[in-house]
Colleague: 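I'd like to ask you about the structure that follows.
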Amino acid sequence: MSVLLIAGSPSERSRSAALLDAVAQRLQFRGVQTGRLQIRDLSPQALILADFGHPSISQAIGQVAQAGVVVVATPVYKAAYSGVLKVFLDLLPQTALAGKTVLPLATGGSPNHMLALDYALRPVLQSLGAKHILSGIYATDAQVAVTDSGAYEVNADIGQRLDDAVNTLVREVLPAHEVHARRFAPVQFSQVRCSV
């Protein structure tokens with residue numbers, strides 16, 4: 001698995017999950033394999049009790065270990081990332097993000113909580129050994145609006161920022177062999193024929 005998308009919202013449907021979905025679509029369009037981890041689906045008791053032996057916890061920690069890139073999405077509550085994300089990050093080994101690139105995403109009710117990415121989430125990601133943390137993307141409720149059908153829609157400004165972040169991941173971070181979107185299949189040198 002090359003990219004792991006971590007949904008840190010306690011809600012099944014949320015604006016932060018919509019941001020994560022938008023990143024997933026952009027990566028998949030470019031041929032990048034993604035995996036998903038919904039923290040809300042892990043055993044609540046195992047999370048709270050730090051039960052490392054519980055299958056859902058050990059599998060989640062394994063997903064993080066296998067990923068080369070981690071995209072973390074969270075709602076911001078009271079100027080901090082979500083409690084369920086905090087509990088999960090606390091369970092990870094101290095070097096869980098060593099050598100990994102992380103793209104943090106967050107949503108909140110107003111622009112006033114934008115700095116939660118830099119002052120609350122980024123230090124934790126750094127303490128877990130993240131090799132490189134890309135510039136975070138913060139969206140307000142107005143920038144991830146609910147459509148008439150009840151779906152979430154990312155506005156053009158946030159969409160462009162997500163495009164830029166995904167382009168950075170594909171161009172500068174992900175190894176070429178993990179990006180499968182190619183026009184032509186590779187040709188071995190021994191198969192090349194030329195005539196003069």
Side-chain angles (χ1 to χ4, degrees), residues 1-24 27 32-109 112-139 144 161-162 165-166 168-169 173-174:
M1 175 186 320
S2 56
V3 179
L4 178 63
L5 309 168
I6 300 178
S9 175
S11 303
E12 184 176 351
R13 294 182 63 244
S14 66
R15 286 178 167 85
S16 61
L19 285 183
L20 208 57
D21 291 341
V23 169
L27 287 168
V32 178
Q33 293 181 353
T34 61
R36 193 167 190 124
L37 171 58
Q38 303 265 82
I39 296 173
R40 68 178 303 279
D41 292 342
L42 301 178
S43 165
Q45 183 174 0
L47 272 173
I48 296 298
L49 298 177
D51 182 359
F52 295 99
H54 191 278
S56 70
I57 301 300
S58 59
Q59 181 181 10
I61 292 172
Q63 284 181 274
V64 173
Q66 292 174 3
V69 173
V70 176
V71 181
V72 180
T74 180
V76 173
Y77 303 119
K78 298 182 176 142
Y81 54 96
S82 73
V84 293
L85 180 59
K86 167 78 169 121
V87 172
F88 178 69
L89 293 176
D90 285 348
L91 293 180
L92 293 177
Q94 193 63 40
T95 58
L97 298 179
K100 301 180 192 312
T101 296
V102 181
L103 171 61
L105 309 172
T107 58
N112 298 335
H113 299 294
M114 184 182 308
L115 294 177
L117 279 172
D118 289 329
Y119 292 109
L121 186 56
R122 182 177 290 269
V124 174
L125 299 174
Q126 287 174 328
S127 75
L128 291 170
K131 172 183 165 187
H132 184 54
I133 302 172
L134 299 178
S135 294
I137 299 173
Y138 178 87
V144 185
R161 293 180 64 205
L162 293 172
V166 168
T168 298
L169 284 175
V173 178
L174 295 171

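Positions are given from 1, in the same order as the sequence printed here. All values below were derived from every heavy atom in this structure, side-chain atoms included, with hydrogens, water molecules and symmetry-related copies excluded.
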Colleague: In terms of heavy-atom contacts, does OH of Tyr77 have more than 12 from other residues, nucleotides or ligands at under 6.0 Å?
Modeller: yes
Colleague: What is the distance from atom CD of Gln63 to atom CZ of Arg36, rounded to the nearest 0.5 Å?
Modeller: 11.5 Å
Colleague: Would you call Leu103 and Val3 a side-chain contact if the rule is heavy atoms closer than 4.5 Å?
Modeller: no
Colleague: Please round to the nearest 0.5 Å and tell me the distance separating atom CG of Leu42 and atom CD1 of Ile57.
Modeller: 5.0 Å
Colleague: Give me the atom names and distance for the closest heavy-atom approach of Ala80 to Ala120.
Modeller: CA-CB, 4.3 Å
Colleague: Just verifying a value: how many Å separate Thr34 OG1 and Leu20 CG, rounded to the nearest 0.5 Å?
Modeller: 9.0 Å
Colleague: Arg15 side chain to Thr107 main-chain N or O, any donor-acceptor pair under 3.5 Å?
Modeller: no
Colleague: Can you tell me how far the OG atom of Ser43 sits from the CG atom of Leu49, to the nearest 0.5 Å?
Modeller: 8.0 Å
Colleague: For the side chain of Lys131 and the backbone of Leu97, is there at least one donor-acceptor N/O pair under 3.5 Å apart?
Modeller: no
Colleague: Tell me the closest heavy-atom pair linking Asp118 and Pro123, and the distance in Å.
Modeller: O-CD, 3.4 Å
Colleague: Of all heavy-atom pairs between Leu91 and Phe52, which one has the smallest distance, and what is that distance?
Modeller: O-CE2, 3.0 Å
Colleague: Kindly give the heavy-atom pair with the smallest separation between Arg40 and Glu12, and that separation in Å.
Modeller: NE-N, 3.3 Å
Colleague: Counting only N and O atoms by type, is there a donor-acceptor contact under 3.5 Å from the side chain of Ser82 to the main-chain atoms of Ser9?
Modeller: no
Colleague: Are Asp41 and Ser56 close enough that some pair of their side-chain heavy atoms sits under 4.5 Å apart?
Modeller: no
Colleague: Is the shortest side-chain heavy-atom distance between Asp51 and Gln45 below 4.5 Å?
Modeller: no
Colleague: Could you tell me whether the side chain of Leu85 reaches within less than 4.5 Å of the side chain of Leu121, counting heavy atoms only?
Modeller: yes
Colleague: Nearest 0.5 Å, what's the CG-CD1 distance between Leu117 and Ile137?
Modeller: 9.5 Å
Colleague: As an exercise, state the distance from NE2 of His132 to CG of Leu169, rounded to the nearest 0.5 Å.
Modeller: 8.5 Å
Colleague: Using every non-hydrogen atom in the two residues, find where Tyr138 and Arg161 come nearest and quote the distance to one decimal.
Modeller: O-NH1, 3.6 Å
Colleague: Identify the heavy atoms of Ser16 and Ala73 that sit nearest to each other, and give their distance.
Modeller: O-CB, 3.5 Å
Colleague: Indicate yes or no: at least one non-hydrogen side-chain atom of Val72 is less than 4.5 angstrom from one of Tyr81.
Modeller: no
